[in-house]
Amino acid sequence: MTGDPRPLTPAPPKATAGGAAFAAVEAELFDADAVPFTTGDIRTVGEMLADVDHQARLLLLDVDGDHAGGLVRGWPALVTAASELWAALPRTGYADAPHDRPMERLVAHAATIDNSLSAGWPGRGDSDHRVGHMTDTLQAASSLVRRYGPEISGHGAALREDLQAVRSRTMHSLYVAAHAGSVALHAHGRDRYREARQAGRKVSLSAVHSPYVVAPTATWVGRFATAEAIVGRYLAGGFVAGVAGEARRSTDDHSRVPRALAGWDIQAHRTLAARFSAADNVIVCRTQALIAGVSLLLVDADSHTRSATSFPAGPSTDRLASSIDAVGRAWNNLASRWDDLPAPTDRPDSKLLRASAELRAAYRELTHDATTTFPPDVIAQHPGLERALNATLAAIESAPELADVLAEKASQPGLVGRARALSHRAHNDIEAGLATPDPSGDVVWISPADIHAKRRVPLPAPVRHALHDSASSAVNASYRAATTTARPLPRSGWSQGATAKRSEAIPTVGVWQVHGVTAGQRRRTR
């Protein structure tokens with residue numbers, strides 16, 4: 001989980017007369033933007049929990065009936081990981097029992113779900129990879145708290161509020177995940193009902209949770225509704241109020257965003273070159289869309305404090321924002337199409353996930369409060385805005401290469417995906433005019449037998465053509481955005497004659513409380 005956060009610097013050149021060779025590379029040795037990205041996780045506990053909450057929200061947005069079994073199987077492990085973090089939190093001397101009871105009830109409830117998996121549907125098997133990523137992140141956070149928690153001392157209000165923020169974020173993530181499970185189970189029940197109607201079979205409907213929930217889905221819907229109610233009662237006071245006292249990490253490291261972007265670019269290229277995975281492609285597309293979305297915020301904030309001369313010999317802010325918005329939409333569209341293809345056992349590269357999560361955490365320091373996005377005038381006051389904006393625009397400028405790689409992968413023969421998702425996608429693309437209908441008229445692109453058996457099938461012609469067109473659109477939008485963002489980027493903070501500054505790795509203790517403990521060790525400059 002942890003890694004050595006100290007920068008890896010190249011070996012100094014051999015001594016020459018006057019040290020000219022060393023002087024020639026001195027700026028590179030001590031340039032913060034040139035420090036290689038560490039593969040260790042340097043996020044704080046709070047940043048990990050924010051990432052879990054982010055993953056839960058994405059899960060709720062992208063769930064369907066085919067995901068129901070994986071969500072049910074992954075729920076017990078997710079609750080167990082949350083309870084381990086809960087138990088590792090420092091005790092503050094006040095009555096903790098009322099806080100612990102909801103988690104104890106949730107753990108007991110999850111244990112009954114785990115025991116029932118072998119009795120029938122969905123059975124034992126692989127869990128949803130998104131729930132698995134949330135579980136791994138919670139486990140990493142609990143390990144971090146167990147390691148550094150004993151160093152936290154004090155019983156003041158700040159510590160209690162920060163611990164309450166940890167509990168609220170954990171419970172909110174479970175609440176959203178439980179609701180996603182309920183949505184998936186309802187969708188699964190509707191799918192079974194429609195299949196039965198099409199086959200002319202009689203089906204017994206539930207009169208409790210939904211008229212279209214069929215056995216044995218009704219039992220699982222009830223269990224997830226109970227879990228959602230347990231967590232919901234804990235959050236009855238309001239999630240925003242629960243995280244109001246969250247301790248925030250220091251934002252004096254203005255090179256974090258450039259380092260995170262450099263690390264993401266390196267890892268994305270390594271992963272795409274080493275393996276073919278639709279799940280990896282989804283992560284790459286969504287992270288590139290994130291970069292585009294954040295760049296809009298940064299450009300807007302920059303326009304509050306800079307005149308038109310900020311962009312020497314370059315485009316207007318409106319043209320820049322328009323091109324970035326277009327590339328963001330293109331990446332999101334491509335991500336949604338790749339998301340139809342991963343197999344239930346397809347797991348994204350862990351290093352790719354870590355690089356993406358670190359980039360989100362680095363951006364959140366600049367753009368987000370505990371629960372909301374900072375307004376542009378607040379972001380404009382951040383001293384690291386210029387470096388972050390320059391690094392982000394440089395990342396957009398270099399993005400066409402990633403788009404080209406994904407376009408090549410979209411053109412590979414033999415692509416397969418989930419039968420139900422591809423069936424819906426094919427008919428929707430034809431209705432939207434994104435694909436040419438078959439000359440013979442209405443065509444059943446995926447057989448009902450494949451859909452019912454949840455098989456993985458080759459991409460039908462409309463989906464294959466639309467995927468190729470979406471990849472081409474991402475390439476074209478990336479090249480247009482790269483042309484628009486290309487401009488001379490001023491350097492700040494370090495000059496050619498910068499004096500070397502030493503960095504040392506230290507464990508974080510004291511006022512940062514739980515949210516200030518980092519995975520690995522924080523660095524400070526002296």
Side-chain angles (χ1 to χ4, degrees), residues 54-55 58-64 66-67 70 128-130 132-133 264-265 267-293 326-353 355-357 359-360 399-429 432 434-435 445-446 454-478:
H54 171 78
Q55 294 296 332
L58 287 181
L59 177 66
L60 179 59
L61 288 173
D62 297 331
V63 76
D64 59 30
D66 289 344
H67 298 131
D128 188 280
H129 71 86
R130 295 164 293 183
H133 177 52
W264 163 253
D265 185 67
Q267 189 56 57
H269 281 88
R270 286 176 177 172
T271 298
L272 292 178
R275 44 184 262 165
F276 181 91
S277 167
D280 290 338
N281 299 342
V282 173
I283 300 299
V284 171
C285 292
R286 284 182 174 159
T287 305
Q288 290 299 128
L290 167 73
I291 295 173
V327 75
R329 286 186 280 107
W331 280 117
N332 272 323
N333 182 44
L334 185 58
S336 70
R337 293 186 174 278
W338 278 114
D339 203 25
D340 294 336
L341 274 59
T345 57
D346 194 0
R347 297 291 185 268
D349 182 14
S350 60
K351 292 182 179 180
L352 186 72
L353 285 173
S356 177
L359 181 58
R360 285 195 300 271
E401 186 179 2
L402 285 176
D404 282 330
V405 173
L406 289 176
E408 292 176 1
K409 292 180 179 292
S411 300
Q412 290 184 5
L415 293 179
V416 295
R418 296 181 290 119
R420 190 186 307 276
L422 295 183
S423 176
H424 292 165
R425 181 75 71 176
H427 290 287
N428 291 341
D429 285 344
L434 300 176
W445 297 102
I446 308 293
K454 297 184 178 180
R455 297 190 182 100
R456 291 172 53 74
V457 298
L459 271 61
V463 177
R464 187 172 62 253
H465 294 157
L467 175 62
H468 184 270
D469 291 343
S470 296
S472 299
S473 297
V475 171
N476 295 332
S478 297

Exam field: side chain H468 to backbone R464, donor-acceptor pair closer than 3.5 Å: no

Reported CG-to-NE2 distance for the pair L434 and H465, which is rounded to 0.5 angstrom: 13.0 Å

Gap separating the CG atom of L422 from the CZ atom of R420, nearest 0.5 angstrom: 11.5 Å

CG on L334 to CG on L467, rounded to 0.5 Å: 6.5 Å

D62 vs R286, salt bridge (Lys or Arg N to Asp or Glu O under 4.0 Å): CA-CA, chis, key distance, verdict: CA-CA 13 Å; D62 297 331; R286 284 182 174 159; 2.5 Å; yes

pair S336-R425: side-chain heavy atoms closer than 4.5 Å: yes

Side chains of D349 and I283 in contact at under 4.5 Å (non-hydrogen atoms): no

Residues R130 and D128 bridged, charged N to O under 4.0 Å: yes

Within-4.5 Å side-chain heavy-atom neighbours: P348 and V282: no

Nearest heavy-atom neighbours spanning A421 and D340: CB-OD1, 3.8 Å

Straight-line distance of C285 SG to L402 CG, nearest 0.5 Å: 9.0 Å

Residues R418 and D64 bridged, charged N to O under 4.0 Å: yes

Within-4.5 Å side-chain heavy-atom neighbours: L59 and Q55: no

Minimal non-hydrogen separation, A419 against V457, with atom names: CA-CG2, 3.9 Å

For the student: nearest non-hydrogen atoms of A399 and W331, plus distance: O-CZ2, 4.3 Å

Gap separating the NE2 atom of H427 from the CD1 atom of I446, nearest 0.5 angstrom: 8.0 Å

Atom of W338, atom of L406 and distance for their closest heavy-atom approach: CZ2-O, 3.9 Å

Test item: K409 side-chain N/O and L272 main-chain N/O as donor-acceptor pair under 3.5 Å: yes

Donor-acceptor pair between T271 and D280 side chains, under 3.5 angstrom: no

Point-to-point distance, once rounded to the nearest 0.5 Å, from OG of S356 to NE2 of H133: 7.5 Å

For A278 against L341, the heavy-atom pair lying closest together: CB-CB, 3.7 Å

Side chains of W264 and R360 in contact at under 4.5 Å (non-hydrogen atoms): no

Shortest non-hydrogen contact between S470 and N333, atoms and distance: OG-ND2, 3.1 Å

